[in-house]
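To keep things clear, I will list the structure first and then write my remarks on it.
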Amino acid sequence: MRDEVDLVVPVKTLDRAKTRLSSATGGDPVSHAALALALAMDTVSAAIATPGVRRVVTITSDPAVAAEMAALGVESLPEPAEPGLNAALEHGARTLRSSRIGALQADLPALKPDELQAALEAAQDRRAFVPDRQGTGTTLLLAAPGGELDPRFGVGSAGLHRISGAIALFGLWPSLRCDVDTEEDLRLALTLGLGVHTANALPAWTT
C-alpha cells in the first residue's frame, strides 16, 4: 500500500464492555470480563499482523486492558475527559497525528489479516468505511490521507458515515464485518474461526 494506516481501537473498561454477551458466560462477571478482553486481544492481534497497518493504539482507561495490550507490543492511551466513543477516537487521532488514520472496532474476534488488508487496499485514497454484516453499523472507518477521521459511531453509524461523505466498502470480508454484540453474533464468529484468545475464553463452545 502507498499509505500505511495507523489504527485506533477503542476498548471500554471490562466492567462496562459487551453487556449483551453476559449469557455466553453464564452471567459470571469474571468470565465475562475475560471474554470482553479476549475479543479485543484477538482483534488487535489480527490488526498488527496485517500488511499495510503501521501501528495500532488502543484507547482505554482499564489497566488490565492496557497491560495485556502492552504484552502484545501495543501502546494504550487513556480515554479523554469527554465521554463517548467518538470523542475517544478523535482523541486518538489527534494524539497520533498520522498521515493516515483509521478506527477499528474492538469486537472482531474472527478477524483475518488478509481480509483487513483487502479492505485497506479497496479504500485507496478515500475516506471510507466497512459496514457490519447487518449493514447498519460500522466496523472500520478510514480517513483519507492527511484528512480528518470524523467518526460518527453509534446507532445507525453506517448511514451517518455515508451521509458524511465516506465511501461504503463491500467485499468478501466476513470476518471484518462480524462484530460481536450478542451470543448469536458470537456463534457466527465461531463458524468463521475464532482467534486463540476468544477460543480459550470459551472452551465449552470450541470443543
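Nothing fancy with the numbering, it's 1 onward along the sequence. Keep in mind it's a predicted model, so treat the numbers as computed, not measured.
Distance check: Leu190 CG to Arg187 CZ gives 8.0 Å after rounding to the nearest 0.5 Å. Note that CG of Asp107 is 8.5 Å distant from OG1 of Thr139, once rounded to the nearest 0.5 Å. Atom CZ of Arg177 sits about 12.0 Å away from atom CG of Leu192, to the nearest 0.5 Å. To the nearest 0.5 Å, atoms CG (Leu172) and CG (Asp114) are separated by 11.0 Å. In this structure, CG in Asp179 is found 12.0 Å from CG in Leu186, a value given to the nearest 0.5 Å.
Taking all atoms of both residues into account, the shortest heavy-atom contact from Ala106 to Thr43 is O-OG1, 3.3 Å. For the pair Ala158 and Gly135, the tightest heavy-atom approach, listed with the atom from each and the gap, is CB-O, 3.5 Å. Closest non-hydrogen pair, Ala201 versus Leu35, comes out as CB-CA, 4.2 Å. Leu14 and Ala36 make their closest contact through CD2-CB, 4.0 Å (heavy atoms, listed as atom of the first residue, atom of the second, distance). Across every non-hydrogen atom of Ala143 and Arg100, the tightest pair is O-NE, 2.7 Å. Of all the heavy atoms in Ala47 and Leu7, the pair that sits closest is CB-CD1, 4.2 Å.
A heavy-atom distance below 4.5 Å is not found between the side chains of Glu4 and Pro51. A heavy-atom distance below 4.5 Å is not found between the side chains of Arg126 and Leu142. By the 4.5 Å heavy-atom criterion applied to side chains, Val180 and Leu108 are not counted as neighbours. Contact check for Gln105 versus Pro10: side-chain heavy atoms found under the 4.5 Å cut-off. Residues Leu104 and Leu111 have side chains in contact (heavy-atom distance under 4.5 Å, counting atoms from C-beta outward). Annotation: side chain of Thr50 is not in contact with side chain of Ile48 (no heavy-atom distance under 4.5 Å).
With 3.5 Å as the limit, one finds a donor-acceptor pair spanning the side chains of Glu115 and Ser175. For Ser76 and Thr58, the side-chain atoms include at least one donor-acceptor pair closer than 3.5 Å. Side-chain contact of Thr138 with Arg152: a donor-acceptor pair under 3.5 Å is absent, judged by distance alone. Between the side chains of Asp42 and Thr198, at least one donor N or O lies within less than 3.5 Å of an accepting N or O.
Using modelled atom types, one side-chain atom of Lys112 and one backbone atom of Gly193 make a donor-acceptor pair closer than 3.5 Å. His161 contributes a side-chain N or O that, together with a main-chain N or O of Ser157, makes up a donor-acceptor pair within less than 3.5 Å. In this structure, the side chain of Ser31 does not engage the main chain of Asp28 through any donor-acceptor pair within 3.5 Å. Between the side chain of Arg127 and the main chain of Ala123, no donor-acceptor pair closer than 3.5 Å is present. The backbone N or O of Val11 lies less than 3.5 Å from a partner atom in the side chain of Thr60, making a donor-acceptor pair.
Applying the salt bridge (Lys or Arg N to Asp or Glu O under 4.0 Å) rule to Arg133 yields the partners Asp185; only residues at least two apart in sequence or on another chain are considered. Residues passing the side chain to side chain donor-acceptor pair (under 3.5 Å) test with Asp132, sequence neighbours excluded: none. Among residues two or more places apart in sequence or in another chain, the salt bridge (Lys or Arg N to Asp or Glu O under 4.0 Å) test is passed with Asp181 by Lys18, Arg20. Partners of Arg94 according to the salt bridge (Lys or Arg N to Asp or Glu O under 4.0 Å) rule, which considers only residues two or more places apart in sequence or in another chain, do not exist here.
Within the structure, salt bridge (Lys or Arg N to Asp or Glu O under 4.0 Å) contacts touching residues 58-85 (residues at least two apart or in different chains) are Arg16-Glu79, Arg55-Glu75.
For Gln134, the CD atom is densely surrounded, since the number of other residues' heavy atoms within 6.0 Å is greater than 12.
No single ILVMFWY cluster, assembled from side-chain heavy atoms under 4.5 Å apart, contains both Val130 and Phe170. Note on Leu72 and Leu116: same hydrophobic cluster, where clusters join Ile, Leu, Val, Met, Phe, Trp and Tyr whose side-chain heavy atoms are under 4.5 Å apart, directly or indirectly. Linking Ile, Leu, Val, Met, Phe, Trp and Tyr residues whenever their side-chain heavy atoms come within less than 4.5 Å leaves Leu202 and Leu188 in two separate clusters.
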task: Begin with the C-alpha distance, continue with both residues' side-chain angles, and end with the deciding distance and a verdict on side chain to side chain contact (heavy atoms under 4.5 Å, CB included) for Ser98 and Arg54.
output: CA-CA 10 Å; Ser98 305; Arg54 185 181 69 167; 4.0 Å; yes
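Ile59 shares a hydrophobic cluster with Val8, Val57, Leu77, Leu85, Leu89, Leu96, Ile101, Phe129, Leu141, Leu149, Phe153; the chain of contacts runs through ILVMFWY side chains whose heavy atoms sit under 4.5 Å apart.
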